[in-house]
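Below is one structure, written out as structure tokens; comments come after it.
Read the numbers this way: they start at 1 and go in the same order the structure lists the ligands and their atoms. Side chains are part of it too, since the values below use all heavy atoms of this structure and drop only hydrogens, waters and symmetry mates.
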Amino acid sequence: MRVVVIGTGPAGITAAATLRHLDPSGSVIALSTEPFPPYSPPALADHFLTGRDQALYWKGTDVAERLGIDERREAVVSAVDTDSREVVLADASRIPYEGLVIASGSRLYAPLDGADLPGVLDFKSLRTATELMGRVRRGEAHTALVVGNGLIGIELALLLSTLGVDTTIIGRRTWLMPRSLDPVTSAVAEAELVARGVTLRLGVQADAFIGTPSVTGVRLADGTVLSADLVIAATGVKPHTEFLDDSPIGTGWGIHVDDRLCTSVPGVVAAGDVAEAADWLTGEHYVHAIFPNAVAQAQIAAANLLGANRAYDGAESMNSLKHLGVPIVTIGTTDAPEEILRWQHKGVVRSLYLRHGRIIGAQLAGDIHGAGLYRSLMLRRTDVSAYGSRLVEPGFGIGDITWDALRAVPVSTTQ
Ligand SMILES: Cc1cc2nc3c(=O)[nH]c(=O)nc-3n(C[C@H](O)[C@H](O)[C@H](O)COP(=O)(O)OP(=O)(O)OC[C@H]3O[C@@H](n4cnc5c(N)ncnc54)[C@H](O)[C@@H]3O)c2cc1C
């Protein structure tokens, strides 16, 4: 089959490699907006800190050549014509396809006045991160304002602070990574950020990026104006779907997909940050913008495009803060638990969220021992009530669990 893959991020390059593997005689054309080989965004901070690019180019810079993928860089898709089965590029050229994988990921989402001012920077892609870090390397930046207290904002703030830039994070909510961390776990991260020299202004609403002709700072809702050499938007991400506006491919916030990751149009599948995939716990469809989901979805979407008919078990929520100094891992959800088990001592917080005697989420800070075990028990929907509060204690491990509890139980998207 002749397949076009839109995107060479973790989802796109995984889909392309899977297609080559399952259909060696087919052809794969993979398109990206950027001038770089396929890269891994989670490795951006480490790349700029150390100069190493092995983890960044996680598939190798020669992946396309090695696998026989026709990889085209700076090839921006502007539309998809599903009647003629063609992808339309910004230069009006057309690429015919028999099958289409949409893995166009996400872009910065900054719903603030002045977000389009020249000089507003972001750390969402290698292209924008290179521009930002270029200013640091040239010695043009001594102070930075990072608007947004999510994972990307925190990773960037740590990087800048390590490089000697006096950095402030501005966050609307009163704790960090509000969608992933609970306030107790956040407190551990906050203490470490402050110890690393980052200034936190949480519970503060940024109203606008300001400056003429280019950005110089941020105006807060109370009228306060903060200025800095670098002004960075880390306010969230939005799936790249604009090029589908005139197509019949169904979209909402992201692309609508079924439990096979097929879109509303036959012969078109979607995976990664652009797809509204089912949640493994609730079955609810929304974008789960993390690397492991992008890779897993791409493998299934590519196989299904070739006729495999494989169901996707559902996306997980998982996060880790890699550069904090204190390990922090979050798994699953903290939504509507019936019970919270918590163990807390001197900078270590271990919390488990339970519903119907089963783990629905884990938050570990300072001591992440057992994270894999908790995830395993969660995915297997094992009844853990018998273990009581021992379950969350630092020493609890696989030796405390019966074999029956760990035996495979089908993972499905319904409870
Ligand atoms: C700084 C940073 C740190 C992160 N850290 C973590 C982490 O620690 N753990 C974790 O799990 N996740 C992390 N993430 C999130 C993770 O990187 C994403 O979930 C993952 O990259 C999604 O992969 P994707 O292929 O769906 O999309 P993307 O990586 O966004 O790739 C999208 C691809 O589509 C291409 N594209 C877009 N529009 C078009 C178009 N119109 N025409 C042609 N090509 C197009 C782009 O050029 C790109 O190649 C991090 C992200 C960032 C930015």
Side-chain angles (χ1 to χ4, degrees), residues 4-16 29-49 55-56 58-59 64 71-80 87-91 95 100-109 122-129 132-133 146 148 150-159 177 180 232-234 236-245 254-255 261 270-277 287-298 301 315-324 328-331:
V4 171
V5 181
I6 305 178
T8 64
I13 195 61
T14 301
I29 301 170
L31 312 171
S32 125
T33 53
E34 292 194 70
F36 309 104
Y39 65 88
S40 164
L44 279 171
D46 192 56
H47 167 70
F48 287 108
L49 192 60
L56 184 70
W58 64 302
K59 293 279 186 185
E71 184 211 353
R72 304 187 192 173
R73 299 177 192 163
E74 299 188 278
V76 180
V77 176
S78 59
V80 174
V87 161
V88 184
L89 298 189
D91 65 5
I95 307 174
L100 179 65
V101 180
I102 307 179
S104 49
S106 55
R107 59 171 171 76
L108 171 72
Y109 176 63
D122 73 80
F123 201 65
K124 175 65 186 81
S125 68
L126 181 51
R127 189 200 289 265
T128 55
L132 193 167
M133 296 312 296
V146 178
L151 175 79
I152 296 175
I154 294 171
E155 293 247 311
L156 176 59
L158 285 167
L159 171 65
M177 292 172 62
S180 303
I232 299 144
V237 296
K238 161 90 183 75
H240 264 298
T241 56
E242 297 74 7
F243 58 90
L244 298 174
D245 285 351
I255 297 176
L261 300 165
D273 280 13
V274 78
E276 288 188 7
V287 172
H288 296 69
I290 58 169
F291 185 101
N293 290 332
V295 169
Q297 289 169 21
E316 285 182 63
S317 300
M318 232 176 348
N319 261 306
S320 66
L321 278 165
K322 300 179 289 292
H323 302 104
L324 198 58
I328 294 190
V329 169
T330 71
I331 300 161

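A distance of 8.5 Å separates CG of Asp273 from CD of Gln297, quoted to the nearest 0.5 Å.
Residues passing the side-chain contact (heavy atoms from CB on, under 4.5 Å) test with Ala64 are Ile69, Glu71, sequence neighbours excluded.
Checking side-chain atoms of Thr14 against main-chain N and O of Val295 turns up no donor-acceptor pair under 3.5 Å.
Applying the side chain to side chain donor-acceptor pair (under 3.5 Å) test between Tyr39 and each of His47, Lys59, Glu34 identifies Glu34 as the sole match.
Proximity of Glu316 to His288: side-chain heavy atoms (C-beta onward) are nowhere separated by under 4.5 Å.
The aromatic rings of Phe291 and Trp58 sit perpendicular to each other, their planes meeting at more than 60°, with 30° as the lower class boundary.
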Is there any protein N/O under 3.5 Å from an N/O of ligand 1, and what does the full list of such pairs look like?
residue: ligand 1; atom: 8 (O); partner: Lys322; partner atom: NZ; Å: 2.5
residue: ligand 1; atom: 11 (O); partner: Phe291; partner atom: N; Å: 2.9
residue: ligand 1; atom: 12 (N); partner: Phe291; partner atom: N; Å: 3.4
residue: ligand 1; atom: 19 (O); partner: Asp273; partner atom: OD1; Å: 2.8
residue: ligand 1; atom: 19 (O); partner: Asp273; partner atom: OD2; Å: 3.3
residue: ligand 1; atom: 19 (O); partner: Ala289; partner atom: O; Å: 3.3
residue: ligand 1; atom: 19 (O); partner: Ile290; partner atom: N; Å: 3.3
residue: ligand 1; atom: 19 (O); partner: Phe291; partner atom: N; Å: 3.4
residue: ligand 1; atom: 25 (O); partner: Pro10; partner atom: N; Å: 3.3
residue: ligand 1; atom: 25 (O); partner: Ala11; partner atom: N; Å: 2.9
residue: ligand 1; atom: 26 (O); partner: Asp273; partner atom: N; Å: 2.9
residue: ligand 1; atom: 30 (O); partner: Ser106; partner atom: N; Å: 3.4
residue: ligand 1; atom: 34 (O); partner: Ala103; partner atom: O; Å: 3.4
residue: ligand 1; atom: 34 (O); partner: Ser104; partner atom: O; Å: 3.4
residue: ligand 1; atom: 41 (N); partner: Val77; partner atom: O; Å: 3.1
residue: ligand 1; atom: 42 (N); partner: Val77; partner atom: N; Å: 2.8
residue: ligand 1; atom: 47 (O); partner: Thr33; partner atom: N; Å: 2.9
residue: ligand 1; atom: 47 (O); partner: Thr33; partner atom: OG1; Å: 2.6
residue: ligand 1; atom: 49 (O); partner: Thr8; partner atom: N; Å: 3.0
residue: ligand 1; atom: 49 (O); partner: Gly9; partner atom: N; Å: 3.4

